[in-house]
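Down below is the structure, laid out as C-alpha cells.
Convention: sequence-line order gives letters A, B, ...; per-chain numbering from 1.
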Amino acid sequence: MKQQKSVVGRQKSPGSKLKAGVRKLVTRYSLLVTFLLVICHLSHVTAADAKVYIDITSPAIRQIPISIKTTASFEAKEIESIIMNDLEFSGLFLFVAPEVPGAEIIVQSEVSVSADEIIVLWSIIDLVENREVLKKRNSAPKKSIRAIAHNISNEVYKYVTEKEGIFRTKISYLVYSSQGNKDLYLMDWDGNSSTKVIPIGLTSSHAWSYHSDFLMYSSERNRGWKIYLLDLNDFKEKLLFSSNGLNIVGNSSPQDLIAFSSSRDGNSEIYIINKNGDNLRKLTASLGIDVSPVFSPDGSSIAFVSDRGGSPQIYIMDSNGRGIRRITFEGSYNTSPVWSPDGKWLAYSGMKGGKNQVFVIKSDETMLRQLTFNGNNESPSFSPDGMFIAFDSDRDGKRGIYIMRLNGDEQRRITPKGIKAMSPRWSPYFKN
Amino acid sequence: MKKIFILLLVILVAGCAKKLPPPDASLSLKEKSAKETTAEPVKKETVKEVIEQKTAKLEETSDASKVEEASVLQDALFDYNRYDIRADDRPVLDSAASFLKKNAKLNVLIEGHCDERGTNEYNLALGEKRAKAVKEYLTSLGIMPARMSVITYGEEKPVCTEQNEICWQKNRRAHFVVTGK
C-alpha cells in the first residue's frame with residue numbers, strides 16, 4: 001500500500017522526478033524496448049499503475065550492467081556476494097567485473113570491522129549521469145552483516161526502479177521435527193538466518209499480520225486446534241480463539257480483522273474476529289467444508305476454499321459474507337488461495353495430472369497461468385512487491401521452500417536439502 | 001532466541017541502518033522478555049507427550065480388553081477426498097460399537113486422517129469430517145456422543161509414507177484411541 005501511495009503521489013506531480021525516470025529509462029534500455037516503453041509510458045501517464053520503469057517480468061528487458069567495488073576483507077566479500085545474489089534474483093541486473101568496462105552503475109563500499117561492530121561506507125555511482133547519486137554510512141553489530149548488505153541492495157534497487165526492494169523481508173515457514181511436530185521458523189527472503197520461533201506443538205497454517213506487527217498461527221496442543229497471536233515487539237504469545245473443533249487462521253486485513261475457519265458449530269465455516277478476540281462474526285453457512293479465508297489487501301473481499309460445489313474450489317465473497325462467487329473452474333482440486341499485494345491476482349495450488357501445481361489467476365478470472373511443472377508445488381505466497389512467489393515443493397525429494405519470479409522464472413530452493421520444510425509465508429515490508 | 005532477537009532488532013531498527021544499534025540495556029531487556037515468553041510454552045505438553053500419555057492410558061486397561069481392542073478397534077477407511085462411511089467400513093464400525101457397548105466405562109478419541117495429497121488446511125477439515133462421520137455413525141448405533149471425542153490430524157500423522165495408492169488408502173482413516181474410563 002505504501003508503495004502504491006508513493007506511485008500515486010508521483011502521478012499527481014509528474015515533474016522532475018518523472019522526467020528523471022524517463023531520462024534514465026531512455027538511456028538504459030535498448031532502442032526497441034525503449035520505444036515501446038515510452039509509448040506505453042506516455043499512454044499511461046495518468047493511469048494509477050503507470051510504471052516509471054518496466055514490467056520486470058517481461059523477458060524483453062535489457063539488464064542493467066552493474067559492478068561492485070569493495071575492499072578485500074572477508075566481511076566485504078560477504079557483503080558483496082549477498083548484494084549480488086539479491087540483485088541478480090530480481091532479474092534486473094547484470095553483474096560486470098569491476099575491471100571490465102561497461103557497468104552503468106557502480107556500488108562502491110569500504111568495510112571496516114571493530115571488535116563487535118561492522119561499519120560500511122558505501123555509495124552508488126551512476127555512470128550514465130556520471131555522478132555519485134547516494135552515499136551512506138551504515139553501522140551495526142557484526143551479526144547483522146546480512147541485514148546491512150540487504151539494506152544496500154534495497155537502496156540500489158530503489159534507485160533504479162523507484163520501488164521498495166524486498167531484500168530485508170522475511171519468510172515464515174514450518175519445519176518437520178523429529179518428534180512428528182511442525183515448528184514455526186523465520187528466515188531471510190534468501191533462506192539465510194533461519195530461526196525457530198514456536199518450539200512446541202503441531203503448527204499448521206500461519207500468516208503475518210497486514211501491518212507486520214504480529215504473527216498468527218494455528219497449533220494443535222492438548223488435542224485442540226487453537227489460534228494464537230505472537231506479538232513481534234515483545235515476543236509474547238496470546239490465545240486469540242479456541243473452541244471445540246478445528247480452528248485455522250487465514251490472514252488479517254488492514255483494519256486488523258482476522259479471518260479464520262472454525263467448526264465450532266459442527267461444520268467448518270468462515271469467521272472474522274478483531275485482533276483482541278472480540279466481535280466474532282460468522283460469514284458462511286454451507287453444508288460442506290469452508291476453509292482458508294484470506295482478506296484481499298484492501299480488506300474488501302475474502303477468498304476462501306469451499307467444497308460446496310462438490311470439489312474444493314476457490315471462491316470470493318465480500319468481507320461481509322455477501323456476494324459469494326466461484327473463481328476456479330479448471331481442475332477438481334484448487335486450494336490455498338493468496339492475493340497479490342495489488343489485489344489483482346490470486347495464486348493457489350491446483351491439482352493437475354495427479355500433482356499439485358502453483359497457478360495464478362486474475363481475480364476477475366480473465367487470465368490463468370500455471371507456474372510450476374515438476375513434482376508437487378503448494379502453498380504459494382507473494383513477496384510484498386508482488387514480483388516474487390514463495391512456495392513449497394517436493395521436486396528434489398524432501399519437501400522444501402522455493403522462490404520464483406512472478407512469471408515462473410528462476411525457481412530455486414532456499415532451504416537446505418536436509419530439512420523437510422513447507423508452507424512459506426512472505427512477510428510484508430517492515431516499518432522502520 | 002538471542003539470534004532471533006538481534007535479527008528482529010535489525011529488521012526494526014536497521015531499516016535505517018545508519019542509525020546506531022540500540023543500547024545494550026534495551027537489548028538485554030528485550031531478550032529477557034523473549035526468553036520468558038518462550039520458556040512458558042515449553043512447559044506445556046508436547047504432542048509427543050500427549051501421545052505417550054495416550055499409550056500409557058491404553059496400557060492401564062486390563063490385558064483381556066487390550067487384546068480385544070487390538071482386534072476390534074480397527075481403522076475405518078475412506079475414499080480419496082470423501083468423508084462418507086463406505087459399505088466396507090460398516091462391519092469395522094459395528095464391531096467398534098459392540099466393543100463400546102461391552103466396555104461401557106471406556107471412552108474413545110476418534111482421530112481423522114488424510115493421505116498426503118492436497119493441502120494441509122483442507123486436509124485438516126477433511127480429517128475432521130471423517131472423524132465426525134464415524135462419531136455420527138456410532139451414535140446412530142446407540143453409543144453416547146459424550147463418550148466419543150474427535151480430533152483431526154489431516155495429513156500430519158501418516159501410518160505409511162510411500163507415494164502409492166496402497167499407502168494412501170492406509171492413511172485415509174479414522175483411528176480409535178481408547179481414552180480411559
message: Is there a side-chain contact between B:Glu156 and A:Asn181 in this structure, where contact means two heavy atoms from C-beta onward sitting under 4.5 Å apart?
response: no
query: Is it the case that more than 12 heavy atoms not belonging to A:Lys135 sit under 6.0 Å from its NZ atom?
result: no
- prompt: Should the ring pair A:Tyr333 and B:Tyr80 be called parallel, tilted or perpendicular, given that the plane angle runs from 0 to 90° and is split at 30 and 60?
  reply: parallel
- prompt: What residues form a ring-ring contact (aromatic ring centres under 6.0 Å, His included) with A:Tyr185, not counting sequence neighbours?
  reply: A:Tyr173
field: Enclosure of A:Asn244 CG (heavy-atom neighbours >12, cutoff 6.0 Å)
entry: no
message: Within the 4.5 Å heavy-atom criterion, are A:Asp307 and B:Lys129 side-chain neighbours or not?
response: no
- prompt: Under 6.0 Å from the CZ atom of B:Arg82, do we count more than 12 heavy atoms belonging to anything else shown?
  reply: no
- prompt: So what's closer than 4.5 Å to chain B heavy atoms on A:Ser204: side chain, backbone, both or neither?
  reply: side chain
query: With a 4.5 Å heavy-atom cut-off, do A:Glu220 and B:Ile151 have their side chains touching?
result: yes
- request: Let me know if A:Ile248 has heavy atoms under 4.5 Å from chain B in its side chain, its backbone, both or neither.
  value: side chain
- prompt: Taking atom CD1 of A:Ile289 and atom CD of B:Glu128, what is their separation to the nearest 0.5 Å?
  reply: 8.5 Å
message: What's the separation between atom OG1 in B:Thr119 and atom CG in A:Asn334, rounded to the nearest 0.5 Å?
response: 10.0 Å
When A:His150, A:Lys355, A:Met351, A:Lys182 are compared by non-hydrogen pairs under 4.5 Å with chain B, the top option: A:Lys182
message: Which residues pass the ring-ring contact (aromatic ring centres under 6.0 Å, His included) test with B:Tyr83, not counting sequence neighbours?
response: none
- prompt: Which of the residues A:Ser268, A:Ser427, A:Gly266, A:Ser423 is involved in the greatest number of heavy-atom pairs with chain B at under 4.5 angstrom?
  reply: A:Gly266
- prompt: Given that the side chain runs from C-beta out, which part of A:Ser292 has a heavy atom under 4.5 Å from chain B: side chain, backbone, both or neither?
  reply: both
message: If I measure from the heavy atoms of chain A, does B:Gln163 come under 4.5 Å with its side chain, its backbone, both, or neither?
response: side chain
query: Looking at A:Ser218, A:Ser263, A:Ser336, which makes the most heavy-atom pairs under 4.5 Å with chain B?
result: A:Ser263
task: Find the distance between CZ (A:Arg223) and CD (B:Glu111) and round it off to the nearest 0.5 Å.
output: 8.0 Å
message: Strictly distance-based, threshold 3.5 Å: is any side-chain N or O of B:Glu121 a donor or acceptor partner for the main-chain N or O of A:Val291?
response: no
- request: Rounded to the nearest 0.5 Å, what's the gap from OG1 on A:Thr335 to CG on B:Asn120? Could you check?
  value: 9.5 Å
- prompt: Can you tell if the side chain of B:Asn81 reaches within under 4.5 Å of the side chain of A:Pro312, non-hydrogen atoms only?
  reply: yes
- prompt: Is it the backbone or the side chain of A:Asp394 that comes under 4.5 Å from a heavy atom of chain B, or both, or neither?
  reply: side chain
